[in-house]
Structure formats: C-alpha cells, structure tokens
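So the structure is just underneath, and the comments pick up after that.
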Amino acid sequence: MKAENNMPENQKYSRSLKLMGNSFTITVVAENEEKGNEDINLAIEEISRIERLLTTYKEDSQTNIINENAGIRPVKVDLEVFSLIERSIGISRITQGAFDITYGSIDKSLWNFDKSMTKLPDAQAAKKMVHLIDYRNIILDRANMTVFLKEKGMRIGFGGIGKGYAAEMAKQVLLERGVQSGIINASGDLSAWGLQPDGRKWTIGVADPDSPNAAFSYMEISNKAVATSGNYEKFVTINGKKYSHTIDPNTGLPITGIKSVTIIASNAEFADAMATPIAVMGIRAGLFLIDQIPDLYCIIIDEGNKIYTSKNINLK
C-alpha cells in the first residue's frame, strides 16, 4: 500500500508496562509521536478499566462481589461482565469443561507454584477440591442481569480469558479512533491489525518452550490474534519432572505431556480462552476440536519437542 505523496510518513510507536499483573506492550502506527502517545494512552485506559472490573485483588470488583455471594444470592452486574461470563460458559460447553472460569475454587494451598512446593498434592485431596469447579453451577439471569454461583465456596476468575478480552477491547477502542494499524501484546496473547509502515504484515515469533526468549517459528499475521499457553510460564519441578501451572479441572492435578499450545484466531479473547483447554484436552482431542471451528488454528509442542498443527497452517 503506497502512501500519498502529501501524506506524512507513518512510524511505529511502542510502550511496555505492567497491567492486569502481566507485561503489556502496545504498538501503534501513527503520523507522529504525539498522536502515537495519545493512542497508546487510550489503550492503557481501556485495559485499566477492564482490570478494575475483573480483578479479584480488589474487594469491590464485580468478580469479588459475585464470589462473596456464592451460595447466598444472585449479584447484579454490568452487561459487559454478564456477557463475558456468558461467552465463557459457551467455551466451557464446546471444550466439555476443559475451560472453566470457576477454576478459582481451587484452593491456593493446593497449588501455589512457588519454591516452597516440594511435592505433589495428594490425588484424593486434589479431587475433593475440584468438586466446586463446575461452570454448570453458574446461574445467569439475563432479564435481571444477575450472576449466581450455586455452591458456597465457589469462585470465578478470568485468568484464562481476561488478558485476551482486554487486548481485544483496547484494539476496538483504537479502531474507533481511526488507528489503522497496531498490536496489543498481553504477555504473548496478542491482537494485531493493519500493516506495518512499510506495507508488510506484522511478523510474530512463536516462543520456543525450552528458551522462551527465542522463537522456533515465525508467522506473518494481520487482523488476527495469537495466544500461547506454555509450561515455561509458571511451573514447579518435583523429582526432576516439570509440572505446568495448567490444572485439569477434572482431577485438580497439572497436565503433563504438552510443552505449549499456540492458538491463532480472529479474536484475542477467543484465542486466549482456547489455549489452556486444548492443553487439558490433549493433542488428538484438542486438534480434532480446533479443526471443527472455522478460522481457528493451533500449534502444539509436546514433551519430546514434536510439533503438531491443525489443518491449513503454514509455519516459516
């Protein structure tokens, strides 16, 4: 795409900062630094707004109020929160519960993934704790815009979908402002649109699970979202075996056998939400599901560094 002669030369402007407990990098293409900074500030405002809505670290967040009233009463929420929970339940259905926002019910004492953890929890204790994880016990009432967690002690959390949702919403805010091109990168869950100033698509690296700062492959993308869930992000090593922070909601124990799952979709929220359940479902079932859903692609790396891909995907 050639710029008109009378048009100023566009440049890329980027800023990295911590939001939602993660490192975000916001990149926009703009005609000057002032405009670039204004655009980036807007994206930051939007991500911060979503963080306030979804966080479990603030007592007065809607998420916390829902959790505090589990087993007691329905809680009235904003349409935005209601809709996100509704979409989350939809993803739980298609992944047969491998994605479940009620994972917040797992006690931190069971899995804390820090240096103090030297042995696996007892399988019986883990199984007992996961009985509260069940998306079917989230009762939604659209007429009254309420959310009710049926069981006392149930908790929801948006760790598996929130970053992608924030990236998608920030992108929408920028599109409405007329920003033709950019990337919102939330710790590897990213949404890219438009083209670079030189007319090329954005190039993104898929992290090598053994050395996450390096890439094992590159993809050119535009108007696509990418999310990766990997055991290199957070893990513990017990008796020489690596255990991922990805917990199977059915057993309460961490998954093994898969190093990373990368999802490519048209929407960052959906990409983010699908990355973890595909790891939980395993390679065959995960790829089978991905191949049933239009415009959804996947790359899986197993423990032996073997690469599996869904149909119609080309790695460079």
Mind listing the closest non-hydrogen atom pair of F82 and D141 along with its distance? CE1-O, 3.6 Å

Are L132 and F148 co-members of a hydrophobic cluster defined by side-chain heavy atoms under 4.5 Å apart? no

Within the 4.5 Å heavy-atom criterion, are L54 and L84 side-chain neighbours or not? yes

Cluster check I139, I85: I/L/V/M/F/W/Y, side chain < 4.5 angstrom: no

Between the side chains of S23 and S187, does any donor sit under 3.5 Å from an acceptor? no

Working for salt bridge (Lys or Arg N to Asp or Glu O under 4.0 Å), residues E38 and R177: CA-CA 10 Å; E38 281 173 14; R177 186 179 155 85; 2.9 Å; yes

Side-chain contact test, heavy atoms from C-beta onward, threshold under 4.5 Å: evaluate it for Q180 versus V29 and give yes or no. no

Would you sort out whether F24 and N185 count as a side chain to side chain contact (heavy atoms under 4.5 Å, CB included), showing the intermediate values? CA-CA 6 Å; F24 271 74; N185 185 346; over 6 Å; no

Just jot down the side-chain contact (heavy atoms from CB on, under 4.5 Å) partners of S222, sequence neighbours excluded, or say none. L195, K201

Across all chains, not counting sequence neighbours, the salt bridge (charged side-chain N to carboxylate O under 4.0 Å, His left out) partners of E45 are none

Side chains of N67 and L149: does their closest heavy-atom pair fall under 4.5 Å? yes

Within 6.0 angstrom of Q96 CD, more than 12 heavy atoms from elsewhere: no

Counting C-beta onward and ignoring hydrogens, is there a side-chain heavy-atom pair between D302 and Y308 closer than 4.5 Å? yes

Give me the atom names and distance for the closest heavy-atom approach of G160 to F99. O-CE1, 3.8 Å

Which heavy atom in Y13 sits nearest to a heavy atom in I40, and how many Å separate them? O-CD1, 3.7 Å

Report the residue from T63, L140, I65 that forms a side chain to side chain contact (heavy atoms under 4.5 Å, CB included) with V147. L140

Could you report the tightest heavy-atom contact between L296 and A265, atom names first, then the distance? CD1-CB, 3.5 Å

I66 vs V77, side chain to side chain contact (heavy atoms under 4.5 Å, CB included): CA-CA, chis, key distance, verdict: CA-CA 9 Å; I66 293 167; V77 295; 3.8 Å; yes

Should K224 and D295 count as an ion pair when the cut-off is N to O under 4.0 Å? yes

Side chains of I184 and L190 in contact at under 4.5 Å (non-hydrogen atoms): no

Please report the interatomic distance CD(E46) to CE(M169), rounded to the nearest 0.5 Å. 5.0 Å

Sorted by chain and number, sequence neighbours left out, side-chain contact (heavy atoms from CB on, under 4.5 Å) with A268 holds for A167, E168, S191, A225

Considering residues at least two apart in sequence or located in another chain, which fulfil the side-chain contact (heavy atoms from CB on, under 4.5 Å) criterion with T55? Y57, K58, S61

Any chain of hydrophobic side-chain contacts (each under 4.5 Å) joining V179 to L42? yes

I would like to know whether L53 and D78 meet side chain to side chain contact (heavy atoms under 4.5 Å, CB included); could you show each step before the answer? CA-CA 9 Å; L53 217 51; D78 293 355; 3.8 Å; yes

Quick one: list whatever passes side chain to side chain donor-acceptor pair (under 3.5 Å) with Q196, sequence neighbours left out. K12

So, for I263 and C298, which heavy atoms are closest and what is the spacing to 0.1 Å? CD1-SG, 4.0 Å

Euclidean distance, S16 OG relative to I26 CD1, rounded to 0.5 Å: 8.5 Å

SB check K163 D189 (cutoff 4.0 Å): yes

Got a second to check how far N267's CG is from N223's CG, nearest 0.5 Å? 12.5 Å

Can a donor-acceptor pair be found, under 3.5 Å and without considering hydrogens, that links the side chain of W202 to the backbone of S181? no

Co-members of I72 in a cluster of I, L, V, M, F, W and Y side chains, linked at under 4.5 Å: none

Flag side-chain contact, heavy atom, 4.5 Å: E151 against T102: no

Under the side-chain contact (heavy atoms from CB on, under 4.5 Å) test, which residues partner N37, sequence neighbours left out? R15, E33

I'd like a table of donor-acceptor pairs (distance under 3.5 Å, sequence neighbours excluded) in which one partner is a side-chain atom from residues 273-294, with atom names and distances.
{"unit_1": "D291", "atom_1": "OD1", "unit_2": "K311", "atom_2": "N", "d": "3.1"}
{"unit_1": "Q292", "atom_1": "NE2", "unit_2": "F288", "atom_2": "O", "d": "2.9"}

Kindly work out whether a path of hydrophobic side-chain contacts (I/L/V/M/F/W/Y, heavy atoms less than 4.5 Å apart) joins L175 to V28. yes

Considering residues at least two apart in sequence or located in another chain, which fulfil the salt bridge (charged side-chain N to carboxylate O under 4.0 Å, His left out) criterion with E86? R142

Report the residues that fulfil salt bridge (charged side-chain N to carboxylate O under 4.0 Å, His left out) with R87, sequence neighbours left out, ordered by chain and then residue number. E269

So how far is it from K150 NZ to R136 CZ, rounded to the nearest 0.5 Å? 10.0 Å

What's the verdict on side chain to side chain contact (heavy atoms under 4.5 Å, CB included) for I156 and F158, showing C-alpha distance, side-chain angles and the deciding distance? CA-CA 7 Å; I156 58 167; F158 294 101; 4.0 Å; yes

Please determine, by modelled atom types, if T146 and N144 share a side-chain donor-acceptor pair under 3.5 angstrom. no

Contacts of E80 that satisfy salt bridge (charged side-chain N to carboxylate O under 4.0 Å, His left out) - sequence neighbours left out: R49

Separation of T95 OG1 from R93 CZ (nearest 0.5 Å): 11.0 Å

Taking all non-hydrogen atoms of both residues into account, name the closest pair between S92 and D100 and its distance. OG-CA, 3.7 Å

Can you name the residues that form a side chain to side chain donor-acceptor pair (under 3.5 Å) with D60, not counting sequence neighbours? none

